[in-house]
Each structure stands twice: as C-alpha cells, then as structure tokens.
Number of protein chains: 2
Amino acid sequence: MNETRWLDDEEQRAWRSFVRMTEKLNARLHRQLQTDSELSLSDFAVLVGLTDVPTESLRVSELAAALEWEKSRVSHQITRMERRGLVERVDCPNDGRSAFVNLTACGRKAIEAAAPQHVETVRTLFLDHLTRAQLKALGTIADQVLEYLDSADAS
Amino acid sequence: MNETRWLDDEEQRAWRSFVRMTEKLNARLHRQLQTDSELSLSDFAVLVGLTDVPTESLRVSELAAALEWEKSRVSHQITRMERRGLVERVDCPNDGRSAFVNLTACGRKAIEAAAPQHVETVRTLFLDHLTRAQLKALGTIADQVLEYLDSADAS
DNA sequence: ACACTTTAGATGACGTGTCAACCAAATCTG
DNA sequence: CAGATTTGGTTGACACGTCATCTAAAGTGT
C-alpha cells in the first residue's frame, strides 16, 4: 500500500472547478430543455441519434452503440418516450429478436422545435465565455482524455 | 425569431468531445467508487462535506448550501445514507425545525478508506493526461464559465 | 396574544440509470 | 438435427434527482 499522492493546490482547485462547472452546466441545460421543450437531455440524445440517420430508425442495439448507452438504459428510455409518442417500436422482420426504434412525426417536430433554443443555450452558458484558443485547447484536452478512456473501454 | 446560429465545425467537435468526456469520466468515477468502496459519488460528496467541518456535523440546509444541492435532494440522500449507518440525524435543540446531520464512525471509516483510491482514480483517468499548462488552462475556463453561471444564479 | 409569513425540512410521485435476471430467437457444434 | 451458446432485448429492483406539496416551528406586525 503506497502513500497516497493527494492533489496539490492547483490540481485541487482546477479539478473542483471543473466538476462544479460540469454539474452546473448540465443542470442548466437540462432545465432549459425541460421547461422550454418538455424534453430531457436523454430524450434529446435519443432524438438526435435517430435524426442523424437518413431512415430515422435504428435498432435498439445500434442506438445503444451510437449513444454509448447500455441496452437496458435505451430500452427503459424508449419505453418512456414511446408512451409520449416521440418514438415507436417496430418488430424487425429479418430478426425476430430485434426491434426498430422509429422517430415519429411528433418526435421530429419536438426536436426541430427544441434544437435551436438548445444550441442557443449552449452558447449562452458556455461557448460565449471561451475564446477560440480556449475552445481549441478544451477540445484537445477532451480528446486526449477520451483517447485513454476509450482505449480502457476496449480492454 | 432570429436565424439559429448553429455550431461551426470546431465548436461542434469540441462541445461533443467535452460532453462525451464528462459523461464517461463521471461514469467511471462512479463505478470505481461503487465497486471499490460501496459508495456513490453522492455519498462521497456528503461525506466530504461533513468531514470538511471540524464538528463533522451540519444542518441539512448548511449541507445543501455547501454542496449546492436542493434541500430535498439532501434530505433524500441523508435518508438513504442513514439507513446504511453512514450518517445520523439529530434534532437541533435551539431550533425545533432544524436537524443536524452527523458523520458516524462508520461514515468516517468509509470515507477514509475510499478517498485515496478515489484520488488515484482521478489521476489515472484524468489528471495524468493533462500537462500543467493544460490543467491551468482548464481551471481558468471553468472559473470563467462558473463566474457567469454563479452570477446567473443570483438573479 | 393572534393572525401572517417565512423558514427548515420531509414526503410522494415520477423520470432517470444501473445491475442482475430473464426470455426467446439465432447460431454454432457435435 | 438436438443441445448448448450467444445475441437482442425486456423487466424488476433499487439508487438517484426534481418538482410540488405539506407540516411545523420561528419570526413579524399589529
């Protein structure tokens, strides 16, 4: 059992600020979407995932892969969204186990209505406060960290 | 109704990476804490909040302020943690409405056992992949954004 | 003292997320 | 082809978070 290498002052401060920022940012974005468009960030993610493909339809497992969500999470989410008419499940003819998730007209309307406001909020709450250089730097940081996290996923 | 100013390529990419990183990071940290120490990040936050004061005891509202959580969230969390013996509620003698949340011996033991591993994980998953300059830059970004978010809270 | 408002906190309903168990169709293997 | 395994997905239990509602104690004003 080694000595713990605690965070020094700078690390402490940066890490705390970072965590606090992401939590607040997330809470704000969620709230904005919820109150303005009656969608959660999860709803939004699913709708984006579906609109991103030309058919506006994906099998549950494809959706799970695209969002990097667990299958069961997708399943629960789809169940809830189906109740609200945002998406629909359709049995797959080729594969009796599989199910398609289709975007409904209602779902398309919902995301088209929500997206502009959401983007605007991302700007107001976040992007507006960064210079281009900072944006670039942040992107690099995220990609570096993701490279590790993704590789660790694989193993 | 103005034209929506969609994100340009660089913004899109950086924002996506950032979101993806925070989600993954959060999931990993949560999982590590859960499997190694049987604590959630929320449990951990509460325990840190309590150990941060000399008395290891805070009123619910003070805890809520310290963590920037809603009172009801704190209340639910404390209820769950109390069931597991990590904290205890004690009626406040001065103020009949108020309740203290005390760290228990069990709770102190839990966080003391969990903290070193958690810090190590923060390093492995995140800090190790940043240079000092990047860490500093990230801290600055977070503080800039927080300055806005905090000011927006006040109003 | 009495009514009015504010404050501290608890609670219930509901959406969300994870884990483990499960089911049935598909596929592989002897 | 029969039996085992793998794959795609669902389900139930439970932790978590938010919102709205509620209770009771404190504080306020007359």
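Labels below follow one simple rule: chain letters A, B, ... track the order of the sequence lines, proteins then strands, and each chain is numbered from 1.
- Residue B:Ser98 has a polar side-chain atom (N or O) positioned under 4.0 Å from OP1 or OP2 of C:dG9.
- Remark on DNA chain C: of its neighbouring residues B:Ser72 and A:Pro93, the 5'-side contact belongs to B:Ser72, judged by nearest-heavy-atom nucleotide.
- The hydrophobic clustering, which links ILVMFWY residues whose side-chain heavy atoms are closer than 4.5 Å, places B:Ile78 and B:Val53 together.
- Here the P atom of nucleotide D:dT7 and the CD atom of A:Glu70 are 17 Å apart, to the nearest Å.
- Comparing A:Ile78 and B:Asn94 by the nucleotide of DNA chain D that holds the closest heavy atom to each, the one mapping nearer the 5' end is A:Ile78.
- Following rounding to the nearest Å, A:Met81 (CE) and C:dG15 (P) show an atom-to-atom distance of 13 Å.
- In this structure a side-chain-to-backbone donor-acceptor pair under 3.5 Å is missing from A:Arg5 to B:Pro116.
- For D:dT18, the OP1/OP2 oxygens have no side-chain nitrogen or oxygen of A:Gln34 closer than 4.0 Å.
- Nucleotides of DNA chain C nearest to A:Asp43 and A:Gly96 differ in position, and the one nearer the 5' end is that of A:Asp43.
- Spacing between atom CG of A:Leu58 and atom C1' of D:dG8 amounts to 15 Å, rounded to whole angstrom units.
- Counting to the nearest Å, the C1' atom of C:dA25 and the CZ atom of A:Arg59 are 14 Å from each other.
- At least one side-chain nitrogen or oxygen of A:Ser40 sits closer than 4.0 Å to the OP1 or OP2 atom of C:dT16.
- Applying the 4.0 Å criterion to OP1 and OP2 of D:dG17, one finds that B:Gln77 has a side-chain N or O inside that range.
- Rounded to a whole Å, the CG atom of A:Asn26 is 14 Å from the C1' atom of D:dC16.
- Here the P atom of nucleotide C:dG17 and the NE2 atom of A:His30 are 7 Å apart, to the nearest Å.
- Ring-plane geometry between B:Phe18 and A:Phe126 is classed as parallel, the angle between the planes falling under 30 degrees on a 0 to 90 degree scale with a further cut at 60.
- Residue-to-nucleotide contacts include no donor-acceptor pair under 3.5 Å from the side chain of B:His76 to the base of C:dG9.
- For B:Asp95, the listed nucleotide lying nearest its side chain is D:dA25; candidates were C:dC19, C:dG15, D:dA25.
- Side-chain nitrogen and oxygen atoms of A:Ser61 include none within less than 4.0 Å of the OP1 or OP2 phosphate oxygen of D:dT7.
- The side chain of B:Arg97 contributes no N or O atom lying less than 4.0 Å from OP1 or OP2 of D:dA25.
- Between the side chain of A:His129 and the main chain of A:Arg123, no donor-acceptor pair closer than 3.5 Å is present.
- One atom, NZ of A:Lys71, and another, C1' of D:dT10, lie 12 Å apart when rounded to the nearest Å.
- Remark: the backbone N or O of A:Arg59 is paired with a side-chain donor or acceptor of A:Glu62 at under 3.5 angstrom.
- One finds a side-chain N or O of A:Arg89 lying less than 4.0 angstrom from the OP1 or OP2 phosphate oxygen of D:dT10.
- Taking 4.0 angstrom as the limit, B:Arg80 places none of its side-chain polar atoms (N or O) nearer than this to OP1 or OP2 of D:dC14.
- Contact annotation: A:Ser42 side-chain N/O to C:dG17 OP1/OP2 distance is under 4.0 Å.
- Rounded to whole angstrom, the span from the CZ atom of B:Arg84 across to the C1' atom of D:dC14 amounts to 12 Å.
- Linking Ile, Leu, Val, Met, Phe, Trp and Tyr residues whenever their side-chain heavy atoms come within less than 4.5 Å leaves B:Leu50 and B:Phe100 in two separate clusters.
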